[in-house]
2 protein chains.
Amino acid sequence: MAQKLTILDIAKLAGVGKSTVSRVLTQDPRVKPATREKVEQVIRESGYVPSKSAQSMRGGTSKVIGVVVSRLDSPSENKAVRGILAVIYAAGYDAVIMESQFSAAKTREHLAVLEKRNVDGVIVFGFSGFDDTILDGFAQRAVVIAVDTDSVSSVSYDNKGMIHLAMQQLSEQGLTHISYIGVDPADRTTGLFRLDAYLEACRERHIEPCYQTGELSYESAYKLTDKVLNAQTQAIVCASDTLAMGVAKRLQEIQRTEVVVSGVGATDLLSFMFPNTFSIDPGYFEAGQRAAHLLFQHLQQGAPVTHLTQQACTLL
Amino acid sequence: MAQKLTILDIAKLAGVGKSTVSRVLTQDPRVKPATREKVEQVIRESGYVPSKSAQSMRGGTSKVIGVVVSRLDSPSENKAVRGILAVIYAAGYDAVIMESQFSAAKTREHLAVLEKRNVDGVIVFGFSGFDDTILDGFAQRAVVIAVDTDSVSSVSYDNKGMIHLAMQQLSEQGLTHISYIGVDPADRTTGLFRLDAYLEACRERHIEPCYQTGELSYESAYKLTDKVLNAQTQAIVCASDTLAMGVAKRLQEIQRTEVVVSGVGATDLLSFMFPNTFSIDPGYFEAGQRAAHLLFQHLQQGAPVTHLTQQACTLL
DNA sequence: CTGTTAGCGCATTCAA
DNA sequence: TTGAATGCGCTAACAG
């Protein structure tokens with residue numbers, strides 16, 4: 001274990017001063033190419049590894065960004081996290097990930113920890129009841145995903161667009177009797193916005209709205225299905241794939257598989273299980289990428305508070 | 001932003017020396033209770049946050065453990081990660097999570113990064129083709145999950161036990177014609193061990209084995225279903241819930257829903273979609289917890305290389 | 001272009 | 001029981 005090598009050892013081995021080694025490490029251009037090459041070779045051969053802790057302490061930047069997800073096992077957040085990781089990892093950053101479990105208190109705790117860890121920035125996944133004043137400490141070094149914010153930059157999903165897309169898709173197939181199943185409007189993004197979009201789309205098309213809202217679970221949607229179903233129903237738009245799964249199951253049970261079901265989330269399982277089904281991809285992965293990019297912009301040049309909306313795209 | 005507070009500021013504010021403050025921070029008993037109380041109060045009121053970077057550099061311990069998952073969106077690994085986080089977070093540690101994507105090369109890269117970050121230890125999720133010599137650098141500071149290892153401690157799932165449990169469950173229901181669908185035995189854990197267990201269980205019960213192996217996907221299992229199905233088939237045991245889902249779908253299609261299907265993974269969706277179904281819980285969450293505990297044992301007292309096996313338990 | 005000098009914030013000696 | 005002094009490994013002035 002040559003783990004005890006320090007910058008000074010390298011300096012001696014290369015026959016230069018420690019600052020020269022440091023300059024090589026920091027990509028400082030003020031170093032003669034020959035010298036640089038020499039140092040780099042010694043570093044390579046000795047297997048020297050600069051201590052991040054020391055660098056972090058000295059330079060003030062830890063090359064770490066904190067990510068607070070609401071649930072580690074949420075498929076949507078998972079996709080977004082992957083987008084985040086792809087970007088920050090490419091930039092030589094790493095992520096410490098924490099789970100808020102939809103609790104503002106936990107979020108606050110986690111942010112405190114991240115702060116004391118000297119992370120360069122944070123990306124937080126919002127949830128219903130999320131309050132962005134929690135992020136005051138991180139000022140211009142935070143980006144929020146999936147929720148409206150005021151004082152801090154954000155990347156949100158196009159909640160209205162997704163539903164409009166679904167409605168449009170169905171309209172193009174000539175369907176006119178379209179119901180909707182969503183979640184409690186108390187949840188602004190998944191609940192209210194998507195329901196509003198449905199109602200709006202109905203108005204545009206002179207369709208009589210027919211909808212129900214409940215919990216975000218298979219069971220809830222399953223139970224609600226009958227309430228939005230009548231003899232003429234041709235399609236049911238759902239606020240999420242989870243709901244769509246519950247609806248599709250019920251439809252299958254009562255032999256109404258001719259009814260088209262749409263969900264949101266791009267879950268491959270949905271279309272595998274039920275052919276007469278499609279799902280809208282809200283662009284989770286891309287949203288994650290953009291959130292990371294946005295954060296970097298803030299870190300490098302104090303960019304102004306920005307609100308991005310991730311476009312959704314249809315998917316079979 | 002009182003973020004610029006240092007230990008010296010606190011010392012002044014409390015009217016003591018910086019070392020005393022340090023002692024309070026490190027739980028050093030050699031501090032008069034009154035003094036300690038005073039200092040703690042100042043810390044609380046000032047919102048002072050000790051710099052982890054500095055602590056880490058000085059003490060050599062960063063209170064960070066690295067976690068390398070194979071896929072961020074694997075439900076099983078997700079559950080395990082939650083177990084890990086629960087334990088390490090309670091101990092004041094944090095996790096930086098990385099994704100290997102089943103690539104030994106990526107794993108190696110990530111470990112290098114983690115090393116230079118001075119993490120105290122790592123927990124790595126194994127995958128087919130995983131080679132634990134990769135972990136040489138981490139010697140006694142690593143724990144592997146879900147794969148057999150030699151030189152490093154591990155927590156593995158009870159691959160044989162899960163299948164035996166499923167077979168037993170079915171036997172108790174009086175079923176005797178039980179088929180199996182698994183994955184390529186080239187994958188030792190999910191493939192070979194589970195298949196072996198099936199064959200073994202058949203032998204014990206004088207059941208004629210009937211099985212197929214393929215990929216770990218709905219489609220694969222869906223297609224394979226017919227090949228293990230005959231008029232007498234009463235049940236199909238699957239190596240995972242994903243497979244079970246594909247099988248159940250096919251059975252439903254051909255009106256053979258009287259055939260019981262079992263999977264592994266405790267996915268709630270499976271039993272929701274198909275009533276005549278059950279899943280074995282390999283104890284992912286608990287495995288994560290145990291892995292974390294095991295790692296701590298290594299960190300604190302150089303425990304010897306240990307191999308734990310996580311017991312599985314049935315689930316409806 | 002390069003070596004020398006000073007700290008960064010903290011934990012740990014060593015005296016007192 | 002406490003304060004003063006000494007680096008940890010590194011980067012950023014400051015001089016050559």
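The chains referred to below are lettered A, B, ... by the order of the sequence lines, with proteins before strands, and numbering in each begins at 1. Scope of the values below: all heavy atoms of this structure, side chains included, with no hydrogens, waters or symmetry mates.
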Practice problem: Give a yes-or-no answer on whether the side chains of Asn118(B) and Ser62(B) include a donor-acceptor pair shorter than 3.5 Å. | Solution: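 No donor-acceptor contact under 3.5 Å links the two side chains.
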Exercise. Ignoring hydrogens and angles, state whether a donor on the side chain of Asp187(B) or Thr189(B) is under 3.5 Å from an acceptor on the partner side chain.
Key: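 Their side chains do contain a donor-acceptor pair, which is all the 3.5 Å distance test asks for.
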Measure [atom1]/[X] against [atom2]/[N] and give the value in whole Å, please.
X	N	atom1	atom2	value
Ile7(A)	dG7(D)	CD1	C1'	16 Å
Leu8(A)	dT11(D)	CG	P	13 Å
Ile10(B)	dG3(D)	CD1	P	14 Å
Lys52(A)	dC8(D)	NZ	C1'	18 Å

Are [X] and [Y] packed together at the side-chain level, in the sense that at least one heavy-atom pair is separated by less than 4.5 angstrom?
X	Y	result
His298(B)	Arg141(B)	no
Ile145(A)	Val124(A)	no
Ile65(A)	Val67(A)	yes
Thr20(A)	Thr35(A)	yes

Exercise. Name every residue in residues 31-40 of chain A that has at least one heavy atom under 4.0 Å from any atom of DNA chain C, in order of residue number, or write none if there are no such residues.
Key: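 Listed by number, they are Val31(A), Lys32(A), Thr35(A).
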Quiz item: Counting only side-chain N and O atoms of Gln55(A), is one of them less than 4.0 Å from OP1 or OP2 of dT11(D)?
Solution: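 Answer yes for this pair, as a side-chain N or O of Gln55(A) is under 4.0 Å from OP1 or OP2.
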Quiz item: Do any pairs count as a ring pair (Phe, Tyr, Trp, His ring centres under 6.0 Å) and have a residue in residues 60-100 of chain B, sequence neighbours left out, and if so which ones?
Solution: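 Those involving residues 60-100 of chain B are His110(A)-Tyr89(B), Tyr93(B)-Phe296(B).
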Quiz prompt | DNA chain C: 5'-most and 3'-most nucleotides touching chain A, 4.0 angstrom heavy-atom criterion | solution =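 Result: dC1(C) to dG9(C).
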Report, one line per pair, each donor and acceptor closer than 3.5 Å where one atom sits in a side chain of residues 94-102 of chain A; sequence neighbours left out.
{"residue": "Asp94(A)", "atom": "OD2", "partner": "Arg117(B)", "partner atom": "NE", "Å": "2.7"}
{"residue": "Asp94(A)", "atom": "OD2", "partner": "Arg117(B)", "partner atom": "NH2", "Å": "3.0"}
{"residue": "Glu99(A)", "atom": "OE2", "partner": "Leu72(A)", "partner atom": "N", "Å": "2.7"}
{"residue": "Glu99(A)", "atom": "OE2", "partner": "Arg82(B)", "partner atom": "NE", "Å": "2.9"}
{"residue": "Glu99(A)", "atom": "OE2", "partner": "Arg82(B)", "partner atom": "NH2", "Å": "2.9"}
{"residue": "Ser100(A)", "atom": "OG", "partner": "Val69(A)", "partner atom": "O", "Å": "3.3"}
{"residue": "Ser100(A)", "atom": "OG", "partner": "Phe102(A)", "partner atom": "N", "Å": "3.3"}

Quiz item: When the aromatic ring centroids of Tyr157(B) and Tyr284(B) are compared, is their separation below 6.0 Å?
Solution: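 Between Tyr284(B) and Tyr157(B), which both carry aromatic rings, the centre distance is below 6.0 Å.
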Practice problem: Given side chain to side chain contact (heavy atoms under 4.5 Å, CB included), test Arg23(A) with Leu25(A) step by step and report yes or no. | Solution: CA-CA 5 Å; Arg23(A) 289 196 186 92; Leu25(A) 256 34; over 6 Å; no
Quiz item: When you measure from the side chain of Thr149(B) to the backbone N and O of Ser151(B), does any donor-acceptor pair fall under 3.5 Å?
Solution: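 Such a contact is absent between Thr149(B) side chain and Ser151(B) backbone.
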Practice problem: Give a yes or no answer on whether the side chain of Glu77(B) reaches the backbone of Arg71(B) with a donor-acceptor pair at less than 3.5 Å. | Solution: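 Yes, the answer is positive, given that a donor and an acceptor are paired below the 3.5 Å cut-off.
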Exercise. Map Gly15(B) and Pro50(A) onto DNA chain D by nearest heavy atom, then report which one ends up closer to the 5' terminus.
Key: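 On the 5' side of the pair lies Gly15(B).
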Self-check item: Rounded (10°) bend between the five-pair end axes of the helix from dC1(C)-dG16(D) to dA16(C)-dT1(D)
Solution: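 Its terminal axes enclose an angle near 40°.
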Quiz prompt | Ionic contact status for Arg188(A) with Asp148(A), cut-off 4.0 Å | solution =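 Between Arg188(A) and Asp148(A) there is a salt bridge, with a charged N closer than 4.0 Å to a carboxylate O.
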Quiz item: Between residues 17-27 of chain B and DNA chain D, which residues have a heavy-atom gap below 4.0 Å?
Solution: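 Heavy-atom cutoff 4.0 Å gives Gly17(B), Ser19(B), Thr20(B), Arg23(B).
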